Peer 1: 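Below is one structure. I have some questions about it.
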Amino acid sequence: MKVLDKAAWAYLVKSENIIREIPKDGGCTTRDEYIFYYQGKSDTINDDTCEFSTWHTLRDYLKKNKLQ
């Protein structure tokens, strides 16, 4: 397990906030699913808008900072 610094923590919180603001009325043929786990509870958010590249941005950040 790697301890996150303040900058990484802030980035992940910002990413979660962006994901939580994804509109519910999509219309795209593809769908991304984000699942947040915390203390045994989960929250699932679906993105079928084709407007966000949140996963790719987040994946690149994790890789760049060796967090995955």
Side-chain angles (χ1 to χ4, degrees):
M1 181 194 284
K2 183 174 181 175
V3 177
L4 298 177
D5 62 20
K6 288 182 181 182
W9 180 254
Y11 181 85
L12 294 173
V13 168
K14 180 181 175 184
S15 295
E16 179 182 356
N17 289 334
I18 289 169
I19 291 168
R20 291 189 180 281
E21 294 298 319
I22 293 172
K24 302 276 188 236
D25 56 343
C28 190
T29 57
T30 60
R31 183 171 133 182
D32 293 319
E33 184 174 77
Y34 301 94
I35 304 173
F36 297 96
Y37 293 101
Y38 181 70
Q39 294 184 346
K41 296 180 182 178
S42 67
D43 188 15
T44 303
I45 298 172
N46 296 301
D47 174 14
D48 56 356
T49 63
C50 292
E51 294 181 24
F52 298 95
S53 62
T54 305
W55 166 241
H56 296 291
T57 304
L58 182 57
R59 181 194 61 201
D60 293 345
Y61 180 86
L62 294 173
K63 188 174 181 179
K64 176 183 166 190
N65 291 282
K66 298 178 181 163
L67 296 171
Q68 54 180 20

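Quick caveat: nothing in here was measured; it's all calculated off a predicted structure. As a basis for the values below, the full set of heavy atoms in this structure was taken, side chains included, without hydrogen atoms, waters or symmetry mates.
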Peer 1: Do Leu58 and Leu12 make a side-chain contact, defined as non-hydrogen atoms from C-beta onward lying under 4.5 Å apart?
Peer 2: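 SC-SC contact between Leu58 and Leu12 confirmed.
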
Peer 1: My understanding is that only residues two or more places apart in sequence, or in another chain, count here; which of them pass side chain to side chain donor-acceptor pair (under 3.5 Å) with Asn65?
Peer 2: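 Partners of Asn65 under the side chain to side chain donor-acceptor pair (under 3.5 Å) test: none.
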
Peer 1: Taking only residues two or more places apart in sequence or in another chain, which ones pass side chain to side chain contact (heavy atoms under 4.5 Å, CB included) with Ala8?
Peer 2: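 Checked Ala8 against side chain to side chain contact (heavy atoms under 4.5 Å, CB included); matches are Leu4, Asp5, Tyr61, Leu67.
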
Peer 1: Which residues pass the side chain to side chain donor-acceptor pair (under 3.5 Å) test with Arg20, sequence neighbours left out?
Peer 2: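 Expected list: Glu16, Asp43.
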
Peer 1: Hey, can you pull the donor-acceptor pairs under 3.5 Å for the side chains in residues 35-42, sequence neighbours left out?
Peer 2:
none

